[in-house]
Amino acid sequence: MSAYQNMDQMTGDFYTQKFEAAKQDGTLIINMGPQHPSTHGVLRIVIEVDGEYIVRAEPVLGYLHRMHEKMGEVQTWGGFIPNMGRVDYGHAMAWNWAYVGAVEKLMGIEVPERAQYLRVIMTELNRLTSHLLWWGAYILDLGAFTPIMYAFDDREMLLDILQRPSASRLTYSNFRVGGVQMDMDDKCIELIKAFIPHFRDRLPMYHDLVTENIILRRRIEDIGIIDQDMCRRYGCTGPVLRGAGVAYDVRRSEPYSVYDRFDFEIPTQDSACSAGRYHVRIAEMEQSLRIIEQALEQLPGAEGSHIVDKAPKPAMKPPVGEAYFAVEGARGKIGIYVASDGTKTPYRVKLRAPGFSNMNAFAEAATGTILADAVAILGSLDLIIPELDR
Amino acid sequence: MLQALAGIPTQLVARQDKGTTGNVWSVFLAPKQILKTARKLMEAEYSLEDILALDFNEGFLVLYHFNRWTIDERVTLRVLVSRDNPVVPSIASVFHGAEWHERETRDFHGVIFEGNPNLVPLLMPAEDVDVHPLVKSAKARLSIKEVLSLGEIVSSTGEIDALFAEAEAGEASDA
Amino acid sequence: MNEFIQNLIPLVVAVVGSMAWLAVNALVLVYCERKFAGHIQRRPGPFEVGPHGVLQTLIDGLKLMGKQLLTPDNADRFLYWLAPILSMIPVLLLFMPIPYGPVLTGMEVDLGLLLILAFSSFNGLALILAGWGSNNKWGILGAARAVAQTVAYEIPLLLTVLAIAFMTGTLNLTEITAQQAGHIGNWFIWKQPLAFIIFIVAMFGETNRAPFDLAEAESELTAGFHTEYSSMGFGLFFMAEYGYMVVICSICSVLFLGGFHGPIPGIEGWWWMLIKTYALLFLMIWARWTFPRVRFDQLLNINWKWLLPLATFNLLATALIMKL
Amino acid sequence: MNALRKHVIQPILDCWSLLVGLKITGKYFCKPLITVHYPRQVIDSENLSTYGGHVELVGMPKDPAMPKCISCMMCVTNCPSNCLKVVKSKPPATTPEQEQAWKEAEERGEKVVRPKAPKQPTKFMYDYTLCSLCGTCIDNCPVNTLRFSSNIYWVATSRKEMHIDLLARLREQAAEVSASAPKPEARPAAAQKEA
């Protein structure tokens, strides 16, 4: 409270005030960001370095803040869905799902089987694109430029598939309360079926080119420890938590939709370091393929509907009440809390971004490491800045 | 869950329908109790999901969502603070991740978390320290009973259900 | 007087020649690198300017020259602008003693090898001046890295070169080439395989090339020592980097791959030197587009814990064998 | 033995991983390019047809220059970004004599059929700068007159150009189709999207 009451008398940068009294002599305070190649957008981290060793770090957020929650209170219930595609450009479908899931919970809508499966297939494909984007960008942060191009080669195929049922390539907003916007045609399913073996063939190449590479292994092993205790304190979820050895996955622990019908593993690593998180994500890609395969097998025929009959209009009026719905995004648990007062617009929408909590642990994990490690840790958290700032 | 909270004076404990709210336990607390409760939940292996506030006529209702890794049993702690003096003790000393969530809530609603190590604007620009975008206008603001429902009450001291009871009484009289 | 002029003319020709050689090499190399990188990544690389984009680097150079020369506030103007010049000038000198062909030697110097090693150290100085002079925190970090790195990697480089000098008993590069005449078996790579490997690794470190490009480390230090440079200030660093690459690859081919001698007796000429140099250059480019960057402490560990002991061992072994 | 493995064999294996990496990039160097080299090459039309570009009107099967639109305003009211503007047609202007005649007829107790406004809108403006391509208008159109175009190569040099008059666009498309019959306007994927 007192920190901002006397703001007028403050000298220097508002956000670096904590850093003005340096902990020790001879340190350098540097701004990593908001324009820095490895912060993937406009994240700013104030770092106090002693030589190249990080003494303290403090992330400064808000450069990409768009106040989605306020937009939610102004838009109609259905009109807020396109916003979900813009929160997280990496895994937009999961955000779509979290929001429509919360509203469906509030309204008590039962989604048709086929729509459930379509959602699973599309979300898992989108998870693959998200992980591929992360993978390429992470290796790029670590100094190798070529892998991102190979990743984009595969990602491009996925986008070509995903643009069929969603008419978008990045900011998907094709989920509707009660189902999905469009059905998937046979050609699309064919393409997915062709993609799975293709991608399975590519994974060993990724493994040999990057995962096994000694330089990369030395760069990420035992760097940036975020153990179970830290995860609990900071509320980390997703690959960060699984990289710390906890088999926690919302798809398994709070099974939503039809995820309880699939046989898949939750990859975990006990090392709790950047390499652990790296391996978890690589293994997750394989698991996503497995889920897609099973979903395609179980997919009800085309006579099933992709959206519930008499789907609610965008200006629907859900009953009074509140609902919390969580899904597993590529970065962790996405939670949406909605409160309805029975009108056309939500009374309150709260977005719980997994990256927000994961990033919170960065300062502690990075303290005492080298500047180059900070980049390795930052990348291993798989940050999407629009999601952090919302 | 209830064992974890043993010994903490709660205002109201209610069980909610998981199918429609996604929430299992709803616990109303006095602001003083929140730090102690957070400590208990930490010991019971709960992890913090998020902190948010809702703007009502009665004041700001601050919500803390907790869940466990092993069992899906979401707990919502609810703290009602007055609009004139919205001060809640910070739980950032127990759940370090709460620091940012609390700063975000301060940005959006102006709820002040006493004891937060760095309660400066997080998402809002520093110049707009007093702008709280999610505070509703008097016209749009509703009372708590018009939005939330209690669920199946397990124990209560009466203060909170009074807020809800009025509604039922009012409806009854209307009828 | 007459004799002085007689000596001067070939020297001037050599300096102008090596300037042209450097410029042409930089242009060709940048083009080759971008094309090579493109094809590794399964895209065409530069394509629009000229047939298959061959004029791309020329246009880029012109564009760089057209940009404004900016000096940051509070920068040390003198050191700031001295740095790129200091980085560029020694490169011209370095081409002098390298025998590119039987008669294609700029200046035959008895201590040619020493001259090259001495003047190439100027680069480290230029980098620290650039980082320090630009009054930028990232620049300083880059400069500090650059100094530690070039100083460290010079030592194994020197030790391997010394092993060759022991064998040949001379520091004259022409003489060293002459001793490798005949067939492929006479090349020193067979006699000094360990030295060759150490030299290759140290070569990456000495020229600040990926995976050892710590001084500029784009994703960590934005651009390291040349963060603040614009226009030809940056252009000179860029050209110098490629110049050093050409020099060090030329030396490598002279020392280990027989210089301008072909693999079988009778065919010798400057083209052999060119082929060998460019083969090594392609190796450097290939590595750059394949590997991630090492961390700074690892970079020094590789040097002090692996290269240096191995190079010392190699030198001692060479000395022992020579003695016996 | 362990020490030997750790300090000698392992580093050699580690270096081997570098050679494996070089082998992979070398292999891809020799493979053909996979990028589409615009404008010399373009992506295949099958893929292009599934691209979701800006929103466009669908003409009637009989008269492709006429939209199926009935000016019901569902798209306008449901658009989250307020990027559509539809102006309904007014009834045709009537002369005072006609009015007089109808009035008289009504007074006589006859049933009068006054000319109604045509269903088609007079204006259908679309602001692409605001559109978030969510497809809500397409979902809510009762007569399926809206769809995503596959207009991938369209660029504009100013914001003003991005305010598209969809009726004019439909007329242009219809004229193009009638001018060059072999160039079919039907886009199977787009049609399916509406379904």
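Note that the coordinates shown come from a computational prediction; the quantities given were computed from them, not determined experimentally. In the text below, chain A, chain B and the rest are named by the order of the sequence lines, each starting its count at 1.
- In this structure, A/E52 does not pair ionically with C/R295, as no charged nitrogen and carboxylate oxygen lie closer than 4.0 Å.
- Contacts of A/L142 with chain C are made by both backbone and side-chain atoms, with heavy-atom separations under 4.5 Å.
- More than 12 heavy atoms of other residues, nucleotides or ligands shown are found within 6.0 angstrom of CH2 on C/W289.
- A donor-acceptor pair shorter than 3.5 Å cannot be found between the side chains of C/N208 and C/E241.
- Of the listed residues A/I30, A/I215, A/I139, the one with more heavy-atom pairs under 4.5 angstrom with chain C than any other is A/I215.
- Note on ring orientation: taking the six-membered ring where Trp is involved, the planes of C/F36 and C/F282 are tilted (angle from 30° to 60°).
- Proximity to chain A (any heavy atom under 4.5 Å) is restricted, for C/Q298, to the side chain, taken from C-beta onward.
- The two residues C/Q149 and C/G205 make their nearest non-hydrogen contact at NE2-O, 3.0 Å.
- Using a 4.5 Å heavy-atom cut-off against chain C, the contacting residues of residues 148-160 of chain A are A/M149, A/Y150, A/D153.
- The choice from C/I140, C/D213, C/I40, C/L214 that makes the most heavy-atom pairs within less than 4.5 Å of chain A is C/I40.
- Ring centroids of C/Y80 and C/Y229 are separated by less than 6.0 Å, placing the two rings close together.
- Partners of A/S271 according to the side chain to side chain contact (heavy atoms under 4.5 Å, CB included) rule, which considers only residues two or more places apart in sequence or in another chain, are A/Q269, A/C273.
- With a 4.5 Å cut-off on non-hydrogen atoms, A/L216 touches chain C through its backbone and its side chain both.
- For A/I223, the part lying under 4.5 angstrom from a heavy atom of chain C is the side chain only.
- In terms of non-hydrogen atom pairs under 4.5 Å with chain C, the most contact-rich of A/D141, A/V49, A/L140, A/L209 is A/D141.
- A/T211 and A/Y278 share a side-chain donor-acceptor pair at under 3.5 Å.
- In summary, the aromatic rings of A/W134 and A/Y138 are positioned with their centroids under 6.0 Å apart.
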